Number of protein chains: 2
Amino acid sequence: MRSQHEFGTRERIVRTTSRLIQRQGYEATGLKQISQEAEATLGSVYHFFPGGKRELAVEAIGHGEREFTEFLQAAFDREDDPAAAMVACARDLATGLRESDWLDGCPVTTAALESAGRVPEIQQAAESAYENWRALVRAKLARAGFAEDVAHDLAHSVINMLEGAELSAQVSQSTAPLEIAGRHLAVLVNAYRARHQVATSDS
Amino acid sequence: MRSQHEFGTRERIVRTTSRLIQRQGYEATGLKQISQEAEATLGSVYHFFPGGKRELAVEAIGHGEREFTEFLQAAFDREDDPAAAMVACARDLATGLRESDWLDGCPVTTAALESAGRVPEIQQAAESAYENWRALVRAKLARAGFAEDVAHDLAHSVINMLEGAELSAQVSQSTAPLEIAGRHLAVLVNAYRARHQVATSDS
DNA sequence: GACTAAATAGAGCGTTCGTTCTAGGGGGTT
DNA sequence: AACCCCCTAGAACGAACGCTCTATTTAGTC
């Protein structure tokens with residue numbers, strides 16, 4: 001956070017906006033605050049983003065999408081078994097949330113909800129983020145031998161459960177929802193695996 | 001929505017605020033808009049809610065909590081089997097969402113995310129809402145014979161999955177996430193039932 | 001060294017925000 | 001009729017909002 005001197009002005013603005021939107025949402029985040037915390041001026045903001053706040057927010061959501069994609073990818077590369085990977089995801093999500101004093105939830109969700117049906121560009125950026133995350137999970141499950149339609153449906157529920165659990169963890173300031181989510185996702189994944197392959201140990 | 005002449009001024013203000021917060025969040029909802037749509041004046045708003053916008057928002061979230069509690073209760077009364085009740089919940093949620101042109105998501109979540117760590121009163125109101133909803137699910141599962149700790153954990157994941165799926169459905173303007181969530185919640189619930197009771201048919 | 005385009009700088013626009021304030025109506029009790 | 005009190009009414013405040021505008025500085029090319 002402190003001193004992002006290694007980044008160019010444009011990148012600094014995007015990163016700052018992404019973090020601010022993650023913590024306080026789209027509406028509560030002002031361009032003045034962004035320019036101050038990014039150590040840029042209002043002139044610079046409008047130079048790089050002539051479309052104003054909306055264009056900047058779309059870019060910031062794209063940044064958040066990339067961030068979480070890397071997070072998922074790392075967990076999937078570390079754990080071979082999909083069920084184990086879900087548990088690891090939930091655990092790491094809980095750790096990150098606690099270490100940020102319950103401030104850094106999903107970098108996309110808040111803006112997505114605020115803008116649903118009101119700011120189409122932002123809604124589309126959020127939809128694209130969710131779709132790409134689901135595709136990542138789907139690919140992981142397919143690689144593990146799950147049928148395509150099963151993997152497609154499971155990917156929806158994995159992302160949705162993680163999303164809901166993170167929201168719940170943030171609001172209740174507790175890691176319990178995410179830990180439970182990890183366990184239950186493993187049970188769910190193994191339930192579908194058991195139907196087509198061999199039985200597995202439970203969580 | 002149109003013409004709430006049967007309600008008193010105070011009730012009209014609370015209902016309008018709840019609906020506006022549900023659709024566009026806490027920050028984007030102004031007191032002027034509230035007083036206009038509630039057909040009240042600013043003076044009335046401050047008369048009933050001297051604490052201003054925050055006090056009104058807390059009341060509105062409480063109204064949203066009661067609304068969803070009644071929704072859950074109705075589904076639980078209609079369906080005896082918990083797994084079937086989850087499927088019904090998800091289906092009805094999807095129907096309501098589509099019929100509102102994907103505008104009316106969870107009346108609590110948006111404000112909860114916007115205010116997490118910044119507006120304690122609102123965060124607490126949201127936390128209390130989630131806790132009460134979980135208690136309802138927990139009681140339903142306990143009544144169906146689930147052990148207390150199992151019911152406690154399942155209640156978390158049921159609410160979180162519905163929450164995440166509704167968010168996803170709203171952003172992608174599709175009922176698919178909620179339908180999948182209903183099916184998967186039934187599988188999850190039955191997976192735990194199978195461990196302690198008898199095997200059941202799948203979804 | 002002169003020319004050009006990119007980037008930075010910040011004053012100021014009109015608007016809207018949450019809030020405060022004082023004044024005015026509408027019934028009920030005495 | 002006089003009184004009181006709950007409620008309504010809306011003008012006005014300072015602050016903050018997104019955005020526009022005109023300069024000025026910086027960096028690269030001939």
Side-chain angles (χ1 to χ4, degrees), chain A residues 3-61 110-111 114-115 118-123 125, chain B residues 3-61 110-111 114-115 118-123 125:
Chain A
S3 109
Q4 335 179 38
H5 289 311
E6 62 262 49
F7 301 117
T9 303
R10 198 194 127 99
E11 182 73 10
R12 238 164 40 232
I13 293 172
V14 171
R15 285 172 180 260
T16 301
T17 305
S18 177
R19 199 183 74 252
L20 286 174
I21 286 183
Q22 176 183 36
R23 296 196 169 194
Q24 50 191 18
Y26 172 76
E27 296 287 346
T29 299
L31 289 180
K32 288 236 164 75
Q33 186 185 11
I34 290 172
S35 68
Q36 279 173 17
E37 299 205 8
E39 299 180 66
T41 61
L42 224 59
S44 300
V45 173
Y46 274 95
H47 170 73
F48 289 110
F49 305 96
K53 194 185 182 185
R54 291 190 180 188
E55 181 185 347
L56 176 51
V58 169
E59 197 91 3
I61 288 176
T110 311
E114 287 178 293
S115 313
R118 294 192 315 114
V119 190
E121 310 104 289
I122 297 184
Q123 173 170 356
Chain B
S3 109
Q4 335 179 35
H5 289 309
E6 62 262 48
F7 301 116
T9 303
R10 198 194 128 100
E11 182 73 10
R12 236 163 42 232
I13 293 172
V14 171
R15 285 171 180 262
T16 302
T17 306
S18 177
R19 199 182 75 253
L20 286 174
I21 285 184
Q22 176 183 38
R23 296 197 168 192
Q24 51 191 15
Y26 172 75
E27 296 287 346
T29 300
L31 289 180
K32 287 228 164 82
Q33 186 185 10
I34 290 173
S35 67
Q36 279 173 18
E37 299 205 9
E39 299 180 65
T41 61
L42 264 168
S44 301
V45 173
Y46 275 94
H47 170 76
F48 289 111
F49 306 96
K53 193 184 183 184
R54 291 191 179 188
E55 181 184 348
L56 177 50
V58 169
E59 198 91 1
I61 288 176
T110 311
E114 285 178 295
S115 312
R118 295 179 39 253
V119 190
E121 310 104 290
I122 297 185
Q123 174 170 354

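Letters A, B, ... are given to chains in the order of the sequence lines, protein chains preceding strands, and every chain is numbered from 1. In what follows, every heavy atom counts, from backbone to side chain, and hydrogens, waters and symmetry copies are set aside. This is a predicted model, so every value here is computed, not measured.
Here B/Thr29 pairs with B/Gln24 under the side-chain hydrogen bond (donor to acceptor under 3.5 Å, both in side chains) rule; sequence neighbours left out. For the side-chain contact (heavy atoms from CB on, under 4.5 Å) test, residues two or more places apart in sequence or in another chain that qualify with B/Val119 are B/Arg54, B/Ser115, B/Glu121, B/Ile122. For A/Glu55, there are no salt bridge (Lys or Arg N to Asp or Glu O under 4.0 Å) partners at least two apart in sequence or on another chain. By the side-chain hydrogen bond (donor to acceptor under 3.5 Å, both in side chains) test, A/Thr110 is found to be paired with no residue, residues two or more places apart in sequence or in another chain being considered.
Of all heavy-atom pairs between A/Ala28 and B/Arg118, the closest is CB-NH2, 3.7 Å. Residues A/Ala60 and A/Ser18 approach most closely at O-OG, 3.5 Å, considering heavy atoms.
Atom CD of residue A/Glu37 and atom CD1 of residue A/Ile13 lie 13.0 Å apart, to the nearest 0.5 angstrom. The distance from atom CG of A/Leu56 to atom CZ of A/Arg10, rounded to the nearest 0.5 Å, is 9.0 Å. The distance from atom CZ of B/Arg15 to atom CG of B/Leu20, rounded to the nearest 0.5 Å, is 14.0 Å.
Across the protein-nucleic acid pair, A/Gln24 atom CD and D/dC17 atom P stand 10 Å apart, rounded to whole Å.
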Counting only pairs under 3.5 Å, give me each side-chain donor-acceptor contact of residues 40-52 of chain B, with atom names and distances, residues two or more places apart or in other chains.
unit_1, atom_1, unit_2, atom_2, d
B/Thr41, OG1, B/Ser44, N, 3.4
B/Thr41, OG1, B/Ser44, OG, 3.2

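Base-pairing analysis of DNA chain D finds the following stems of at least three consecutive Watson-Crick or G-U pairs, with both pairing distances under 3.5 Å: C:1-24 with D:7-30, C:26-28 with D:3-5.
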Return a single string for nucleotides 18-27 of chain D, one symbol per nucleotide in 5' to 3' order, where B is base contact, S is sugar-phosphate-only contact and - is none, cutoff 4.0 angstrom on heavy atoms. SBB-------

Let's go through B/Lys53 and B/Leu31 carefully: what are the C-alpha distance in whole Å and the side-chain angles of both, what is the deciding distance for side chain to side chain contact (heavy atoms under 4.5 Å, CB included) to 0.1 Å, and is it a yes or a no? CA-CA 7 Å; B/Lys53 193 184 183 184; B/Leu31 289 180; 4.2 Å; yes

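Formation of a donor-acceptor pair under 3.5 Å by the B/Glu114 side chain with backbone atoms of B/Tyr26 is found in this model.
First and last contacting nucleotides of DNA chain C toward chain B (any atom under 4.0 angstrom from a heavy atom, 5' to 3' order): C/dG18 to C/dT20.
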So which protein nitrogen or oxygen atoms get under 3.5 Å of nucleotides 4-7 of chain D's nitrogens or oxygens?
unit_1, atom_1, unit_2, atom_2, d
D/dC7, OP2, B/His47, NE2, 3.1

